[in-house]
Amino acid sequence: MNVPSLESTEMFQALPQYPDHPALEEEILAWWEEARIFDRLRERNRGRAHWSFFDGPKTANTTDGLGVHHLWGRTYKDVFQRYKALQGFDQRYQNGFDCQGLWVEVKVERDLGLNSKREIEEYGLAAFARRCRELVTESARVVTRQSIRLGQWMDWGNDYYTFSDTNIEYIWRFLKKLHERGWLYQGHRSTEWCPRCGTSLSQHELSQSDVYRDKSDPSLFVRFPLKGRDRESLIVWTTTPWTLPANVAAAVNPEAEYGRQDTGEWVAVERFPEDTFVERVRGSDLVGLEYEGPYDHLQPAQGIVHRVIPWDEVSLEEGTGVVHIAPGAGTEDFELSKVHDLPVLVPVDESGRFLPEYGWLHGTSTVEAADQIVGDLRERGLLEHAETYVHRYPHCWRCETPLIFRVVDDWFIAVDELRPRLLEANASVQWTPAFYGKRMDDWLRNLGDWNISRKRYFGLPLPIYPCACGHVNVIGSKAEMEERATSGLDQLEELHRPWVDNVPIRCESCGEEVRRVPEVGDVWLDAGIVPFSTLGWQNPEWIPEGYATGAAKGLTRADLPDHAYWEKWFPAHWVTEMREQIRLWFYSLLFMSVVLDGRAPYQQVLGHEDVRDEHGHEMHGSRGNTIEAEEALSRMGADVMRWMYCEQAPTQGVKFGYTPAGEIKRRLLTLWNSAKFFVDYANVAHFHPQPGKTETSQALDRWLYARTGKLVADMEDAYDRFWTPDVIRAFMAFVDDLSNWYIRRSRRRFWSEDAEALQALWHALSRSVQVIAPVMPFLADHLWRVLRTDDQPDSVFLEPWPERGAIDAQLLEEVAEVRAIVELGRQARGEAGLKLRQPLRRMVVQGAEKAQGHAAEIGEELRIKEVEFGPVEAAELRVKPNLPLLGPKLGKELGAVRAALQAGEFEQLEGGGVRVNGHEFGADEILVERGAREGWALAEADSLTVAVTTELDDELRKEGRVYDLTHQLNTMRKEAGLALTNRIRVVLPARDGDLLDYEDRIKDEVLATEIVVGQVEEPQIEMV
RNA sequence: GGGCGAUUAGCUCAGUUGGUUAGAGCGCCGCUCUGAUAAGGCGGAGGUCCGUGGUUCGAAUCCACGAUCGCCCA
């Protein structure tokens, strides 16, 4: 059909056949900006009941833009903020950027071509810090632009940047408080260490995905000759040759049996069941034996007595049952050194290269040393056997370098005393999905002390100043620093290295000058403090732009609010991030909040899995299946992407791609077509909607109003549970009802410009657009602008969330039953091979209790003249027990009754019941199925049975031909390209002359002015 | 090794407190309706609901054990 053009008298702007999502979205974006829609929404909600959401900071370390995996979370954030805004809640909308720490440093190092800490220091820490800030600035710009394109409404320009002096000061306060409680300490322990980054990694950095990867290492069986035992030796197994020079002991399982082979080699018997042994002893009998260390000739090992120690954990699953112990190069080894008072040799420096005292190994890396050590052992006859071994091994999450273990001094937060409080706080949180809450519990229960120090440059400077007198000074603010500084304040540009290092302070215990430790802090301190630093916790006075300090100055205009503000907005009602944040941001938030305030910082959490490609594979650059946000936004549009994210349950990865996007676009067409249908007919009818009007004389309209009310209720319910798959389901179910029931049933009313029908449809469409707006803000606002009246707000987001209204549940059930009957009617017709164009005489419906008032509707829908409700007469009866009733009643006897019923061994009673096996059952206790009699077709489902007559008489046949003819003529109209309003003249062949009995009806159906019989073989039409 | 999830149609997934014939979307085949629809409707093919055992009148659903996959921890 032709699209009516918008004339001056027409109310609604015509819609094209298909939406162009990306184009439409660009228009809406520009208009939102120009008409200040978001500002007006915030103004409207200001001062109303508030809803608090904290945004997890996006690391601002790349200028390549976002990937589609970032946009799932951003979509959730926007969907629920928009939903709450529609409901009138006042919100903050503060976006955040994570700006310092290894993520940023490593990217800058790469950009600058630096490859070690020495090169960074040569480059200069001040210049390096400036480059970090530049990267953050540019990265934030790109992220902001793309987020806006996604439709994310945030308070852009007032973002928080974690490298702000204010943020840093709040962490200082936190650390000072820990120190006062005695929970901050310096630990000397073995930790995972990245030799490239030159720093240790914390437990939660190791918990990131991609850390454990398959790695191929040498697998060595090395001979440790026993002292005082001629030609006897221990055989140890190791996959880290570089640790052998640090060997100080060998551990055996005291309970296991060890055997000496005729070669003099001692191993666990269980490991070598095929071998023969000349002597067998228990592991405990070996304990105390001394052996020659593999590198006793190097200086560090000289004078060390190597001996055999017992260790219950020695595995008999792999190796030889004798474990080489190097306390300076392994965590468990280090713990054993404390128990057995073993010396600790740390063989490599912070870049993983051997120290000078290791002679010929000096300067080689752990990797290079491996080959040399293998060769050396072989030469000296100490290598029993060598092969290659593939195992899971931790790698640095940023630079992918295999980690080593080093014993170093780091700063830790003791968690044992806090653990019960953390668990208690987590118990108050409502997690979606619920099992993520268990994950957090699990993490909290197994948590080791938090290593917060990093031996790096551009990060949170730890405010720790240990003094030679033994006192550890921890300062809690910049003011305190200024007060206690002995010099250097004039050069303090911001609270970062190098500037902050040049401000020594006076020791509060002895008065001597002390300097800051060189370490910076874990990035999760930066992110975890956000609910305190951005909300003005304990800040006496509101400071305009008070958050925009230090490195953040000029990047944001965020204020530092006062404590009353914090009281209002803390804790968050809701936060959402990806699953891995349980052990990262969700954890650091919880931790810092429990320390400072004793409460959980959030009440509800929504977590989600990761984004996959459309085949379910992880997106990887190397696989070539990644999709950049920019490309997806411009090719499929933001609404389609948002829909894709929302449709998927958060417990499973979203399968993202252009194939599912195409499917979504097609499904969205039903809504679009419904709106287009309305617009076309409303314009023809010069219809003017009346917002709020729901009175009507028609039952079908009343049904639509009720159905629309239920839509609002269903959507609210799903949004309130933060479960977007149900949002999508509820919406699609409604659109289906609207299009395939209401509009289809009402077509003739629209042709006749029925204002009640137009009003009902307008109401339903407006409501649909309102309730789906959080998910698809662009399409929703586009349609809203087409549908709205002049008295309504210009954006759907300025229209208050709709009331559900009174929902006529009974009517909804009635129509649901009508639709079930119609479906069965079609099925029965189909079985009898009677197409819908052929009218039928009679239909009987049994088992319908609610649909009885809708007989005419059913008849019309199925083109059946008489619709009766009552018992279906049947050729045969099949009776089944109604299980929910008879199951509990009969128990074990049910089987026998069921069998008897199936065999037909029953007697029918008055009122529809039966007698079987001596029991009498009422009509409600059994289910009856019927076989069709001659001349009837039958279909049934659940308790409904529908029977239609299959016999045709002349009148029915003739009517069938009228429908065929109408169909044929309309097809011809369509093929001739006639418009909706064109009138035609029809010439029929002589054989169809009898159909003129229905002349008026045909004229009406095909918009004919005249029908005549002429000398033609087939019907013909011409425009008049 | 421990914990948490998952396993249902060719694909992607639903499946309420245990109940009769396990569903939807997409894809495939046939039919059909249509003056919004590139759509819709009906029917069909396609399921050992991962397996085994148990509880129960009755299990995709509850329990136990096992398998496979994923995530986390060790």
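In what follows, every chain begins at residue 1, and chains take the letters A, B, ... in the order their sequences are listed. Values in this document were obtained by computation on a predicted structure and should not be read as measured data.
- In this structure, D441(A) reaches neither bases nor backbone, as no heavy-atom distance under 4.0 Å exists between it and the strands shown.
- Taking CZ of R707(A) as the reference point, atom OH of Y742(A) lies at 14.5 Å (rounded to 0.5 Å).
- Between R837(A) and the phosphate of rC33(B), there is a side-chain N or O to OP1/OP2 separation shorter than 4.0 Å.
- Here R666(A) lies in heavy-atom contact (under 4.0 Å) with sugar-phosphate atoms only.
- Put simply, CE on M732(A) is 12 Å from C1' on rA39(B), counting in whole angstrom units.
- One C1' atom belongs to rG53(B), the other to rA59(B), and the distance between them is 13 Å to the nearest Å.
- Atom-to-atom, CD of E925(A) to P of rC57(B) comes out at 19 Å; the value is rounded to the nearest Å.
- Using atom C1' as the reference point in both rA45(B) and rG10(B), the two lie 11 Å apart (nearest Å).
- Whole-Å rounding puts the W443(A) CH2 to rC71(B) P distance at 17 Å.
- At a threshold of 4.0 angstrom between heavy atoms, the contacts of P725(A) with the nucleic acid are absent.
- Nucleotides rU48(B) and rA67(B) have their C1' atoms positioned 16 Å apart, rounded to a whole Å.
- P433(A) comes within contact range of no nucleotide atom at all, as no heavy-atom separation falls under 4.0 Å.
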*May I have the step-by-step check of side-chain contact (heavy atoms from CB on, under 4.5 Å) for L840(A) and L862(A), ending in yes or no?*
CA-CA 9 Å; L840(A) 300 178; L862(A) 288 169; over 6 Å; no
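- Straight-line distance from the CZ atom of R667(A) to the P atom of rU12(B): 15 Å, rounded to whole Å.
- By the 4.0 Å N-to-carboxylate-O rule, D726(A) lies close enough to R729(A) to be salt-bridged with it.
- Note: CD (E663(A)) to C1' (rC13(B)) measures 11 Å, nearest angstrom.
- The C1' atoms of rU55(B) and rC73(B) are separated by 34 Å, rounded to the nearest whole Å.
- Comparing the P positions of rA64(B) and rC4(B) gives a spacing of 11 Å, expressed to the nearest Å.
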